[in-house]
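Predicted, not measured: the structure shown is a model, and the values here were computed from it.
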Amino acid sequence: MIESIKSFLGYFFVTGDPMIYGADASIALASIGIVVVLTYFKKWKWLWEEWLTTVDHKRIGIMYIIAALLMLFRGGVDALMMRTQLTLPNLHFLNSEHYNQVFTTHGTIMIIFVAMPFIFGLMNIAVPLQIGARDVAFPFLNALSFWLFFAGAMLFNLSFVIGGSPDAGWSGYAPFAGAELNPGVGQNYYVLGVQISGIGSLATGINFLVTIIKMRAPGMTLFKMPMFTWSILITSVIVVFAFPAFTVALALMTIDRLFGAHFFTIAAGGSPMLWANLFWFWGHPEVYIVLLPVFGIFSEVIATFAHKTLFGYAVMVWSMVAISVLSFITWLHHFFTMGNTAPVNAFFSVSTMLIAIPTGVKIFNWLFTLNKGRIEFTTPMLWALAFIPNFTIGGITGVMLAMAPADYQYHNSYFLVAHFHSTLIAGTVFGIFCGLHYWWPKMFGYLLDERKGKWSFWIFMISFNICFMPMYFLGLMGMTRRMYTYPAGLGWTPINIVITIGAFGMGLGFIIMAWNIIWSAIHGKRDTTGDPWGGRTLEWTTSSPAPEYNFAHIPEISTRDPLAAMKEGKTGDLRKSSKPYEPIHMPNNSGIPVIMSGFMFIAGFGFVFEWYWMGIPGLIGVVACMIARSFVYNDHHYIPVDEIEKTEAATGRLS
């Protein structure tokens with residue numbers, strides 16, 4: 001009996017590594033600390049009523065961003081562990097198995113659990129305010145989307161200490177990710193954690209697509225929408241068309257692993273290339289799911305701090321539409337080297353190079369917006385300006401990789417690693433840091449400290465170049481990706497040392513940003529105007545933070561950049577209205593999303609270990625929550641006029 005228990009615990013818990021024990025201790029101490037603080041300050045009821053059950057898009061956006069920052073820390077630590085291992089030849093800081101696990105979790109976390117939720121957080125904060133709406137189209141679904149993402153993220157991260165992490169790479173290629181070559185529970189965590197999170201992401205795309213199409217303020221035609229809202233509309237369309245392919249791929253892999261099917265096994269009539277095609281049919285549009293929104297962020301920030309109207313508005317819109325279409329016919333460039341025919345490679349090579357044209361158009365539009373502008377070098381503006389040259393390098397090297405014959409030389413090397421980090425860090429990460437600083441006062445009512453923000457920017461941006469620019473040369477010198485160690489005498493060591501210094505410098509930049517958040521919460525300058533940057537769009541007409549209902553009167557729009565037009569005297573005051581106040585219809589909070597996602601977590605955990613006695617009841621709990629939701633009839637309330645008047649008077653907007 002005792003031996004059976006020991007055997008089970010050895011299988012269940014990851015043991016034998018000091019870092020794992022450190023993670024165990026950190027998780028335990030953090031959990032105990034949270035419970036103690038909430039109990040001591042009697043905040044359990046507040047946590048439940050104000051946050052866990054909220055359907056307010058602004059609070060959901062904040063929770064997305066908090067989760068993304070925590071995941072960024074986890075993914076960043078993974079990156080630093082990999083760089084430490086590769087600093088010198090023949091190191092054994094990580095063994096091969098642990099390196100593969102860290103490599104897999106780093107990529108998955110950064111794409112699925114950092115970039116996506118950060119984008120979703122910023123769009124939850126800004127889009128309803130930018131279009132003059134009081135909430136999203138489906139507030140309950142919005143809350144469910146967040147909690148599904150969170151359940152998937154927690155399930156995936158649990159693999160580090162229970163059962164073992166996935167190790168087949170973030171792209172999870174068959175047959176390496178199949179049950180025969182990859183036994184154990186690690187890859188089960190991947191397919192189930194990412195699947196649960198992906199369902200939430202698909203629901204978010206549907207929700208914001210409907211919100212933007214149906215809930216714009218009177219007079220706001222499509223071509224009067226802010227550029228960030230346009231970018232989210234197009235991104236939502238990509239999400240709706242791309243994510244189902246990944247959902248199907250994950251479902252097939254789950255059936256393969258848990259029930260012995262052979263969708264990806266050649267000997268049984270399946271095909272590993274089926275996974276590659278389904279994955280990258282989602283995977284390359286996914287690049288633009290996390291890039292197009294930051295193009296919108298940069299457009300807002302550059303126009304605001306250049307104090308000019310965005311140059312070439314219509315061209316910017318159509319270039320994003322072109323990118324969205326082309327993004328679905330470029331996926332095959334990820335396997336130019338896998339034996340395709342020359343005509344197939346030629347088609348996808350040309351389509352990949354074509355996508356550089358609308359992307360380049362946007363670069364020139366931003367440069368023309370800056371031309372003769374009264375440029376204000378705030379922290380958000382610095383992130384936006386740094387994006388242009390750094391992302392351009394990533395784009396140019398992308399065109400190099402798009403040439404199929406050349407790709408045979410570049411493909412499996414560190415040249416490729418440098419390229420996609422040049423696009424995803426200089427694009428997505430610079431963009432989300434830009435948006436974080438820009439909309440922070442709208443979220444919390446105070447500004448992040450500019451001095452600390454600029455220190456964080458310069459250290460991170462310079463370190464980024466120290467880290468990734470040398471990788472291009474390292475790749476041309478022959479170092480291949482996915483290797484966990486290398487022999488001495490190849491000439492790679494000096495460059496690897498420099499790269500690791502840059503990686504730790506980026507970590508230092510992030511730590512300064514985190515310190516800035518903590519310091520500013522106590523000492524930061526309060527935003528009493530609702531418009532600390534001199535903004536141009538509707539979100540800056542509300543108080544900071546915005547009230548539950550966003551707008552006491554839905555604004556009427558007659559031009560682009562309505563706040564800028566108001567400041568120039570071209571329109572009336574958007575902040576005040578002579579109309580009498582009326583009770584405002586708002587959705588009720590609901591505990592069903594968090595409970596339903598809890599059942600989804602239980603089901604996922606059960607299926608990870610193939611414990612059907614746990615997985616099936618978890619799914620029954622999910623269905624029970626759906627049934628319970630169908631019997632909720634009183635799902636809204638009205639904010640009375642006297643409460644609206646009190647809120648508006650406190651912000652100085654009372655007519």
Report yes if the side chains of [X] and [Y] come closer than 4.5 Å at any heavy-atom pair, otherwise no.
{"X": "F13", "Y": "V161", "result": "no"}
{"X": "L91", "Y": "T84", "result": "no"}
{"X": "N390", "Y": "M461", "result": "yes"}
{"X": "W611", "Y": "F605", "result": "yes"}
{"X": "N142", "Y": "F208", "result": "yes"}
{"X": "Y612", "Y": "L258", "result": "yes"}
{"X": "F415", "Y": "L401", "result": "yes"}
{"X": "M116", "Y": "E286", "result": "yes"}

| said: Which residues pass the salt bridge (Lys or Arg N to Asp or Glu O under 4.0 Å) test with R74, not counting sequence neighbours? | reply: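 R74 satisfies salt bridge (Lys or Arg N to Asp or Glu O under 4.0 Å) with D78 once adjacent residues are dropped.
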| said: Counting the benzene-type ring for Trp, do Y484 and F103 have ring centres under 6.0 Å apart? | reply: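 Ring centres of F103 and Y484 not closer than 6.0 Å.
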| task | Would you check if the distance from the ring center of F430 to the ring center of F391 is below 6.0 Å? | result |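 Between F391 and F430, which both carry aromatic rings, the centre distance is not below 6.0 Å.
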Where is the tightest heavy-atom contact between [X] and [Y], given as atom of each residue plus distance?
{"X": "V294", "Y": "I119", "value": "CG1-CD1, 3.8 Å"}
{"X": "A426", "Y": "F464", "value": "CB-CZ, 3.9 Å"}
{"X": "L94", "Y": "Q85", "value": "N-OE1, 2.8 Å"}
{"X": "V14", "Y": "D24", "value": "O-OD2, 4.4 Å"}
{"X": "T235", "Y": "I289", "value": "CG2-O, 3.5 Å"}

Does atom [atom1] of [X] have more than 12 heavy-atom neighbours from other groups under 6.0 Å away?
{"X": "E180", "atom1": "CD", "result": "no"}
{"X": "Y40", "atom1": "OH", "result": "no"}
{"X": "F176", "atom1": "CZ", "result": "no"}
{"X": "E610", "atom1": "CD", "result": "yes"}

I'd like to know if the side chain of [X] reaches the main chain of [Y], judged simply by a donor and an acceptor atom lying under 3.5 Å from each other, with no hydrogens or angles considered.
{"X": "D256", "Y": "H262", "answer": "yes"}
{"X": "W147", "Y": "I595", "answer": "no"}
{"X": "T53", "Y": "W48", "answer": "yes"}
{"X": "S159", "Y": "L155", "answer": "no"}
{"X": "N188", "Y": "R257", "answer": "no"}
{"X": "H411", "Y": "D407", "answer": "no"}
{"X": "N182", "Y": "A177", "answer": "no"}
{"X": "T428", "Y": "I425", "answer": "no"}

| field | Partner set under side chain to side chain donor-acceptor pair (under 3.5 Å) for W492, not counting sequence neighbours | value |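 By the side chain to side chain donor-acceptor pair (under 3.5 Å) rule, W492 matches no residue at all.
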| query | Taking only residues two or more places apart in sequence or in another chain, which ones pass side chain to side chain donor-acceptor pair (under 3.5 Å) with S31? | reply | none
| query | Side chains of N100 and R482: is there a donor and an acceptor less than 3.5 Å apart? | reply | no
Please set out all donor-acceptor pairs under 3.5 angstrom arising from side-chain atoms of residues 236-247, sequence neighbours excluded.
residue, atom, partner, partner atom, Å
S236, OG, I232, O, 2.8
T247, OG1, F243, O, 2.9

| field | Set of residues satisfying ring-ring contact (aromatic ring centres under 6.0 Å, His included) with respect to F510, sequence neighbours excluded | value |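 None.
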| Under the ring-ring contact (aromatic ring centres under 6.0 Å, His included) rule, what pairs show up with a residue in residues 55-101, not counting sequence neighbours? |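 Applying ring-ring contact (aromatic ring centres under 6.0 Å, His included) to every pair that reaches into residues 55-101, excluding sequence neighbours, yields Y64-F120, Y64-F146, Y64-F149.
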| message | Working note: F279 + W170, criterion ring pair (Phe, Tyr, Trp, His ring centres under 6.0 Å); need CA distance, chi angles, decisive distance, verdict. | response | CA-CA 11 Å; F279 180 88; W170 88 276; 5.3 Å; yes
